[in-house]
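Below you'll find the structure, written out as structure tokens, and then a few comments.
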Amino acid sequence: MSPSRPFYVTTPIFYISGTPHIGHAYTTIAADVLVRTARAHGPARALTGTDEHGQKVANAAAAAGMTPQEYVDSLAPRWRELAPVFDARFDDFIRTTEPRHVTTCLALFDRMRAKGDVYEGVYEGWYCTHDETFWPEAKLIDGRCPNAECRRPVQWLSEKNWFFRLSKYNAPLLAHFRANPDFLRPQSRYNEMMALLEEGLEDFSISRSSFDWGIPLPGGGVLYVWYDALINYISALGWPDDADGLFAEFWPGMHLIGKEIARFHTIIWPAMLWSADLPLPARVFAHGWITGDGGLKIGKSLGNAMDPYLLVEEFGADALRYFLLREAPFGSDFSISVDKLRQRHNSDLGNDLGNLLRRSLAMLAKYRDGLVPEPSDGRVSEFVADLPVLVRDHVSALRFREALDEIWNLVALLNRAIDEQKPWELHKAGRGVELDALLYDLCEGMRWLSVLLFPFMPTKSTAIWEQLGLEGTPERAWADALVWGGLAAGTQTNPGAPLFPRIEPPAA
RNA sequence: GGCUCGGUAGCUCAGCGGUAGAGCGGGGGACUCAUAAGCCCUAGGUCGUAGGUUCAAAUCCUACCCGAGUCACCA
């Protein structure tokens, strides 16, 4: 396997006044699996953070009796804790209120202005004060706010703002989409954006003057939150100064987003980058939504089921990570329930994987005092040869489910090998050579599993590694670690507790 | 309403012109190293509905039904 060019992946920055839910966990976990896989092949970097500007934040702060800064400072820790709870390891966490971000935003604004892409204009429209939203005339209902829960009268608002000449980039964007079908995946989102581009783009207001919780502009007013938010992906890399060389090394990267914000990431953001003569994101992937079982109503129990912290408490981060990426193709919506999670946990993780480790090490202990026999080449070494490339390719293409399917083929192969070769009979019959060969295949096969599974289940994969009696952790370069025979003869294994103890359904 | 994606075995999905597949659940069997786990066998679903094209359609076309998304400054 060849080393890859530096890899950079981002999650969206989370809106600070929101509440962490399973969707945030989903994006976070997917990004973590991507970057852990990439780290096994070369330099890799992952970014997450919080989006802290905007009128809603200002209002919420006022309601809480705090200044906006105090307010966001009080909320930031709970977002910073999110990734660690799911065993996700990011290299950086950026807050849009940090000076490094402000500096970058203003530099980008200047660059775009110098290019002639930013001009002063009047931003006006029908505004609903309660919803803080501008509505197009066509959407108004009897001259009132179209939001069914609002229906308040709207007012004509007009403010002098900075505009971005987005229309200028309409044709180049269209050409870029056509030339790079993989720029935005999955297909359905790509089609939607193409439709928008074909309809034509209008210029876009990038500042606000009606409130002041945002990045202040020299001439007055603040940057519009979305304009500011998107820039986090490069401000975290230190653009434009790039004192640490991160921007030069890692940009462009790939963005992992929820499907609802595809337009910002694949139309507005690329246009902003072009305007500043910077490279476009390499790829954008918009994943699906997670719903409750049945999709619709979220009752109290289901509400709990959707609480990622409770799920981690019951099943552990590794099992949740596994479930989210194995249950459905990445990109489509799917539903989650405690029953399904328990099912996957017991079947795939407990029965197939956990029990494989347990039965193998138990036999090694019984027949060989727990010492790994001499390496041998057999069917397993042949089967395993193509696995790293298959897994890596699937992960790179965000086919997490297929990657896990491939890995589970190895789990099944090892389980089958035991049943077919019946080590207990080999032992009774004194066929030591065959027994040794099988036991080695099992141990070495599980060492490969440990390495391959590390990106998906860092904690349990490390537990496998340790029970095999290996030093360190399974986090290592695949090119070095995934060589058959890497497990040394004579290694003293030390079987431990079951990896995934069966979880019984609550008594009805 | 326009556009997009999807509607395949109980569940989650693959197949995308040549006489229906996988995993899980369910049923049966032979074992015992193991978390009563694993292994082997099995499920007969008019592939949303109605037409059409074709020697041949789940797979192409048309209409319709159902679900989801999106239609621009709402993170």
For this session: Please find out if less than 6.0 Å separates the ring center of F109(A) from that of W162(A).
Result: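 When the ring centroids of F109(A) and W162(A) are compared, they turn out to be within the sub-6.0 Å range.
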For this session: If the plane angle is over 60° it's perpendicular, under 30° parallel, otherwise tilted; pick one for F204(A) and F264(A).
Result: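 If you compare the ring of F204(A) with that of F264(A), the planes turn out perpendicular.
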Problem set entry | Ring geometry between F177(A) and F183(A) (parallel below 30°, tilted from 30 to 60°, perpendicular above 60°) |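 Answer is perpendicular, since the angle exceeds 60°.
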What interatomic distance, in whole Å, is found between [atom1] of [M] and the corresponding atom of [N]?
{"N": "A14(B)", "M": "A9(B)", "atom1": "P", "result": "12 Å"}
{"N": "U4(B)", "M": "C74(B)", "atom1": "P", "result": "27 Å"}
{"N": "G48(B)", "M": "U8(B)", "atom1": "P", "result": "6 Å"}
{"N": "U62(B)", "M": "C5(B)", "atom1": "P", "result": "12 Å"}
{"N": "G25(B)", "M": "C39(B)", "atom1": "P", "result": "11 Å"}
{"N": "A36(B)", "M": "U59(B)", "atom1": "C1'", "result": "44 Å"}
{"N": "C40(B)", "M": "A22(B)", "atom1": "P", "result": "13 Å"}
{"N": "C61(B)", "M": "U53(B)", "atom1": "P", "result": "15 Å"}

Measure [atom1]/[X] against [atom2]/[N] and give the value in whole Å, please.
{"X": "K460(A)", "N": "U35(B)", "atom1": "NZ", "atom2": "C1'", "result": "12 Å"}
{"X": "D339(A)", "N": "U12(B)", "atom1": "CG", "atom2": "P", "result": "13 Å"}
{"X": "F264(A)", "N": "A72(B)", "atom1": "CZ", "atom2": "C1'", "result": "8 Å"}
{"X": "L356(A)", "N": "U35(B)", "atom1": "CG", "atom2": "P", "result": "13 Å"}
{"X": "I464(A)", "N": "U35(B)", "atom1": "CD1", "atom2": "P", "result": "16 Å"}
{"X": "M272(A)", "N": "A72(B)", "atom1": "CE", "atom2": "P", "result": "20 Å"}
{"X": "M363(A)", "N": "A37(B)", "atom1": "CE", "atom2": "P", "result": "18 Å"}
{"X": "N355(A)", "N": "A36(B)", "atom1": "CG", "atom2": "P", "result": "8 Å"}

Just to be sure I understand the rule, does [X] reach a base, reach only the sugar-phosphate, or reach nothing, if contact means heavy atoms closer than 4.0 Å?
{"X": "E192(A)", "answer": "base"}
{"X": "D405(A)", "answer": "nothing"}
{"X": "L357(A)", "answer": "nothing"}
{"X": "S347(A)", "answer": "sugar-phosphate"}
{"X": "A362(A)", "answer": "sugar-phosphate"}
{"X": "E420(A)", "answer": "nothing"}
{"X": "R189(A)", "answer": "sugar-phosphate"}
{"X": "G23(A)", "answer": "nothing"}

[X] side chain, from C-beta outward: closest of [options]:
{"X": "R208(A)", "options": "C73(B), C33(B), G25(B)", "result": "C73(B)"}
{"X": "I418(A)", "options": "G25(B), C73(B), C33(B)", "result": "C33(B)"}
{"X": "R401(A)", "options": "U12(B), C71(B), U35(B)", "result": "U12(B)"}
{"X": "N191(A)", "options": "G25(B), C5(B), U35(B)", "result": "C5(B)"}
{"X": "L201(A)", "options": "A72(B), C13(B), C39(B)", "result": "A72(B)"}
{"X": "S205(A)", "options": "U35(B), C73(B), G38(B)", "result": "C73(B)"}

Problem set entry | Residue list, ring-ring contact (aromatic ring centres under 6.0 Å, His included) with F500(A), at least two apart or on another chain |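 Listed in chain order: H345(A).
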Problem set entry | Shortest non-hydrogen separation from N494(A) to G469(A) and the atoms involved |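 Heavy atoms of N494(A) and G469(A) come nearest at OD1-CA, 3.5 Å.
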Exercise. Between R358(A) and E199(A), who's closer to the 5' end of RNA chain B by nearest nucleotide?
Worked result: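 Its nucleotide being nearer the 5' end, the pick is R358(A).
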Problem set entry | Along RNA chain B (nearest heavy atom to each residue), the more 5'-positioned of M193(A) and I206(A) |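 Its nucleotide being nearer the 5' end, the pick is M193(A).
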Determine: side-chain N/O of [X] to OP1/OP2 of [N], distance under 4.0 Å, yes or no.
{"X": "R416(A)", "N": "C40(B)", "answer": "yes"}
{"X": "N415(A)", "N": "A37(B)", "answer": "no"}
{"X": "N351(A)", "N": "G38(B)", "answer": "yes"}
{"X": "R263(A)", "N": "A72(B)", "answer": "no"}

For this session: Compute whether any side-chain donor of one residue and acceptor of the other, for Y119(A) and D203(A), lie under 3.5 angstrom apart.
Result: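 Side chains of Y119(A) and D203(A): pair found under 3.5 Å.
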Exercise. Can a donor-acceptor pair be found between the side chains of Q343(A) and D339(A) at a distance below 3.5 Å?
Worked result: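 Q343(A) vs D339(A): no donor-acceptor pair found between side chains.
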For this session: For RNA chain B, find the residues of residues 421-441 of chain A with a heavy-atom distance under 4.0 Å and give them by number; none if there aren't any.
Result: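 The stretch gives W424(A) as the residues lying under 4.0 Å from the strand, ordered by number.
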Exercise. Would you find more than 12 non-hydrogen atoms of other residues, nucleotides or ligands less than 6.0 Å from D212(A) atom CG?
Worked result: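 Open: at most 12 neighbouring heavy atoms sit under 6.0 Å from CG of D212(A).
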Exercise. Is the number of heavy atoms from other residues, nucleotides or ligands under 6.0 Å of R78(A) CZ greater than 12?
Worked result: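 More than 12 heavy atoms, drawn from other residues, nucleotides or ligands, come within 6.0 Å of this atom.
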Exercise. Under the 6.0 Å and 45° cation-pi test, does R208(A) pair with W213(A)?
Worked result: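 Pair R208(A)/W213(A) does not count as cation-pi.
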Exercise. Is the Lys NZ or Arg CZ of R185(A) less than 6.0 Å from the centre of F285(A)'s six-membered ring, within 45° of the axis?
Worked result: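 Checked: cation-pi criterion not met.
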For this session: Apply the side-chain hydrogen bond (donor to acceptor under 3.5 Å, both in side chains) test between T48(A) and each candidate in D92(A), T11(A), T27(A); give the one that qualifies.
Result: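 So the option named by the test is T11(A).
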Exercise. Under the 3.5 angstrom rule, does the side chain of S461(A) hit a backbone N or O of S450(A) as a donor-acceptor pair?
Worked result: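 Side chain of S461(A) to backbone of S450(A), a donor-acceptor pair under 3.5 Å: yes, one is there.
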Problem set entry | Each stem that RNA chain B is part of, given as range with range (3 or more consecutive Watson-Crick or G-U pairs, under 3.5 Å) |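 Looking at RNA chain B, the stems formed by three or more consecutive pairs are B:1-7 with B:65-71, B:10-13 with B:21-24, B:26-29 with B:39-42, B:48-52 with B:60-64.
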